[in-house]
Amino acid sequence: NETHARRIIDFIKKNRDKVDTLVIHCYAGQSRSAAVGAFAMEYLGQDSSDFIQNHRPNPYILKLLREFNHAAA
C-alpha cells in the first residue's frame, strides 16, 4: 500500500550513501522482495533490466513503487 511504498522509498533514500549493499527480504522472499530490489536499483540510477528478467518481480508492487515515487517527486 501507499504507506509501505513511502517507507521503502524513505529507507532507500536515507541509506543510499551509507551502504554498498542492500538486502531485501520478505516472508516468501520471491516476487515482492524482487520488486523492491528492482525499484531500489532504478531509484539509485542502475539498470534493472537483467535483474527483472532473472528475478521476475511482482509487477503490481513494482508499478506501485514507481508511481508513488513519481507522484512524490
Side-chain angles (χ1 to χ4, degrees):
N1 65 28
E2 200 169 298
T3 300
H4 290 138
R6 171 51 51 207
R7 289 176 73 189
I8 290 165
I9 293 165
D10 288 347
F11 181 84
I12 295 167
K13 185 184 215 179
K14 177 182 169 185
N15 293 288
R16 73 184 307 158
D17 296 324
K18 296 178 184 177
V19 298
D20 294 329
T21 303
L22 180 62
V23 177
I24 302 161
H25 176 69
C26 68
Y27 184 74
Q30 296 178 10
S31 68
R32 290 173 293 176
S33 54
V36 174
F39 172 78
M41 290 178 73
E42 294 170 4
Y43 186 88
L44 297 171
Q46 298 178 5
D47 180 9
S48 65
S49 57
D50 285 341
F51 182 87
I52 289 173
Q53 185 176 0
N54 292 324
H55 298 284
R56 297 181 305 219
N58 182 303
Y60 172 74
I61 300 298
L62 185 54
K63 180 182 176 199
L64 179 70
L65 288 165
R66 286 172 174 164
E67 287 177 354
F68 188 73
N69 183 55
H70 181 69

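All figures in this text were calculated on a predicted structure; none of them were measured in a lab. By convention here, the first residue in the shown sequence is residue 1.
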Shortest non-hydrogen contact between S48 and E42, atoms and distance: OG-OE2, 2.7 Å

Would V36 end up clustered with I9 when hydrophobic side chains under 4.5 Å apart are linked, directly or stepwise? yes

When rounded to the nearest 0.5 angstrom, what is the spacing between CZ in R7 and CD in E2? 14.0 Å

Hey, could you give me the CG/CD distance between L62 and E67, rounded to the nearest 0.5 Å? 10.0 Å

Residue pair L22 / N15, side-chain heavy-atom distance below 4.5 Å: no

With rounding to the nearest 0.5 Å, note down the distance linking OG1 in T3 to CZ in F68. 8.0 Å

Point-to-point distance, once rounded to the nearest 0.5 Å, from CG of N58 to NZ of K63: 12.0 Å

Quick one, I61 and H4 - any side-chain contact, counting heavy atoms below 4.5 Å? no

Would a hydrophobic clustering, with Ile, Leu, Val, Met, Phe, Trp and Tyr connected at side-chain separations under 4.5 Å, put I12 with M41? no

To the nearest 0.5 Å, atom CZ of F39 lies from atom CG of N69 at 4.0 Å

Quick check on R16: does its CZ atom have over 12 non-hydrogen neighbours (other residues, nucleotides or ligands) under 6.0 Å away? yes

I52 with I8, same ILVMFWY side-chain cluster at under 4.5 Å: yes

Shortest non-hydrogen contact from P57 toward A38: CG-CB, 4.3 Å

